[in-house]
Number of protein chains: 2
Amino acid sequence: MIFTAPRYRFTVPPMREAAAPESRPYHHGDLRRALIDAARRLLEQEGPTALSLRAVAREAGVSPAAPYHHFKDKGELLDAVAHEGWEMLNQALTAARAKAVSLHEKMAGLGVAYVLFARDNPSLYRVMYDGSRDKEDLPTQMRMKDDSAYCQVRDTLVEAGADPTDEIALELATTAAWCAAHGLAEMASFKSFDHLKEAVGGEEAFFHGVFEHMQVFAKDKAD
Amino acid sequence: MIFTAPRYRFTVPPMREAAAPESRPYHHGDLRRALIDAARRLLEQEGPTALSLRAVAREAGVSPAAPYHHFKDKGELLDAVAHEGWEMLNQALTAARAKAVSLHEKMAGLGVAYVLFARDNPSLYRVMYDGSRDKEDLPTQMRMKDDSAYCQVRDTLVEAGADPTDEIALELATTAAWCAAHGLAEMASFKSFDHLKEAVGGEEAFFHGVFEHMQVFAKDKAD
DNA sequence: TTTTTCATTTGAACGATGCTTAGATACCAC
DNA sequence: GTGGTATCTAAGCATCGTTCAAATGAAAAA
């Protein structure tokens with residue numbers, strides 16, 4: 001049985017606008033924070049290809065060498081950005097799960113929320129995933145934290161009737177759901193699917209439709 | 001000028017089956033072919049991050065500007081590499097489908113063959129996918145050609161009993177299978193799954209296990 | 001208050017990248 | 001041969017990630 005763990009910080013610190021020159025106890029104040037914000041701003045506005053370390057420093061109003069006192073290299077900055085992305089994703093899934101009524105809605109809602117997050121934050125999602133891909137591991141917070149997407153999917157599967165004592169089957173099913181969501185998240189933007197989206201009545205309906213053809217999201221398994 | 005052997009030409013040891021050097025109507029022969037081979041060689045040996053246009057030119061034994069007479073830019077070279085990757089993938093799926101006996105084996109075999117291809121050609125798979133992602137479209141050969149992965153999955157679903165007249169459901173199911181395979185292909189290398197792979201008796205069994213938890217790969221749907 | 005300390009930030013520099021331009025090279029048709 | 005032309009090289013531009021000695025300035029020590 002899953003215990004409700006204390007939820008500490010539920011919200012990712014919101015991006016600050018560009019220069020906020022009020023209080024700067026040190027030279028810049030909190031340059032680390034400012035660099036992460038600048039990176040997320042650039043990511044949102046210019047896309048992942050435009051995200052150079054020098055551009056981030058420029059955006060933060062600082063010299064190209066300044067970031068190296070707060071991050072070992074470019075990858076470490078991206079890791080920090082990705083970390084906030086994972087927290088945002090966890091929040092989105094928590095909200096989707098809370099909103100759902102039936103068990104089937106919970107599973108489908110989780111999947112759709114996952115894909116919607118990727119659709120609404122395409123550049124951030126790519127950074128999140130590229131970071132974990134290069135490390136050949138899922139970020140720690142995705143599997144360890146109680147509100148991680150992985151745990152939420154697994155718990156929901158148990159609620160939906162999965163045998164919690166068959167750990168292997170449970171992990172396989174969770175992985176299957178994860179793969180399905182990730183696969184759809186990465187392919188959803190392909191123009192090839194435009195006609196399908198229209199045919200089923202919109203993008204969200206398309207996501208539901210795809211998930212309904214996967215066993216872990218099937219209604220007969222939930223109730 | 002010092003009379004030495006030309007520095008750039010004829011210096012490529014054909015580590016692999018280098019493109020037939022019989023006919024070289026021009027300076028290098030078929031530099032386009034040599035560049036693609038060099039790119040694939042680098043991709044295999046050094047990984048995707050080491051794949052710079054200059055490094056490809058170096059590997060092919062030509063100057064950094066030479067590739068621009070055969071490819072508009074770096075992306076066009078990668079497109080050519082990706083194209084060959086898709087053809088290899090289609091071949092792998094064709095072989096897997098031919099080998100399968102039962103209908104269920106055909107679907108599962110297709111999925112596993114897809115993931116195995118990605119596992120065995122990780123860098124190539126990434127280039128294949130990044131190329132189509134940036135264009136926001138699946139490569140033409142994946143949906144148009146008769147032996148494309150998409151068509152093979154769709155046809156196999158029909159063989160397995162899907163209603164060929166319900167085009168929307170058929171496309172949704174095909175897409176679902178595709179997403180599942182792609183998602184697993186991209187996550188299969190995560191170390192987080194090592195214990196699961198071991199628990200189920202190997203990597204291939206792990207792939208089968210994940211697919212068996214998705215409806216489109218479920219046995220009860222096939223027969 | 002003055003001085004010292006030391007993290008923070010800068011400016012300059014290095015090697016490497018993608019790409020462009022101008023010119024040299026060598027194949028082919030004549 | 002000669003000329004035309006596709007092919008390739010050389011050199012250069014702007015940008016990138018990264019390093020390092022110097023400069024800056026907040027905080028602690030005097």
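Protein chains get the first letters and strands the later ones, always in sequence-line order, with residue 1 at the start of each.
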Practice task
Scan Ser63(A) against the nucleic acid and name what it touches under 4.0 Å (heavy atoms): base, sugar-phosphate only, or nothing.
Solution key: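 Base contact.
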Exercise for the section: With heavy atoms under 4.0 Å as the rule, sort Arg58(A) into base, sugar-phosphate or nothing. Expected result: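 Counting heavy atoms under 4.0 Å across all strands, the contact made by Arg58(A) is with sugar-phosphate only.
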Rounded distance (Å) that lies between atom [atom2] of [N] and atom [atom1] of [X]:
X	N	atom1	atom2	value
Arg33(A)	dT8(C)	CZ	P	17 Å
Arg54(B)	dC13(D)	CZ	C1'	11 Å
Leu42(A)	dC16(D)	CG	P	11 Å
Leu77(B)	dC19(C)	CG	P	10 Å
Asp30(A)	dA26(D)	CG	C1'	16 Å
Leu78(A)	dC16(D)	CG	C1'	14 Å

Handout entry: Least distance between heavy atoms, Ala113(B) atom then Ala92(B) atom
Key =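 That would be CB-O, 4.4 Å.
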Handout entry: Under-4.0 Å salt bridge between Arg126(A) and Glu186(B)
Key =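 No, no charged N to carboxylate O under 4.0 Å.
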Handout entry: N-O pairing of Asp37(B) and Arg41(B) below 4.0 Å
Key =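 Judged by the 4.0 Å cut-off on N to carboxylate O distance, Asp37(B) and Arg41(B) do not form a salt bridge.
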Handout entry: Residue met sooner reading DNA chain C from 5', once Ala55(B) and Ala66(A) are mapped to nucleotides
Key =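 The answer here is Ala66(A).
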Practice task
State which of dG18(C), dT9(D), dC16(D) makes the closest approach to the side chain of Ser52(B).
Solution key: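 Among the listed nucleotides, the one closest to the side chain of Ser52(B) is dG18(C).
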Practice task
Indicate the ring-plane relationship of Trp178(B) and Tyr150(B), choosing parallel, tilted or perpendicular according to the 30° and 60° boundaries.
Solution key: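 Ring orientation, 0 to 90° scale: tilted.
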Exercise for the section: Describe, in one word, how the ring planes of His182(B) and Tyr129(B) are oriented to each other, choosing from parallel (under 30°), tilted (30 to 60°) and perpendicular (over 60°). Expected result: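 Rings of His182(B) and Tyr129(B): parallel, as their planes differ by under 30°.
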Problem - Between Glu204(A) and His208(A), a side-chain donor and acceptor under 3.5 Å - result: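 The criterion, which ignores hydrogens and geometry beyond distance, is not satisfied for His208(A) and Glu204(A).
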Practice task
Pull out every residue in residues 68-76 of chain B that has a heavy atom closer than 4.0 Å to any atom of DNA chain D, ordered by number, or say none.
Solution key: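 Per residue number, the list reads His69(B), His70(B).
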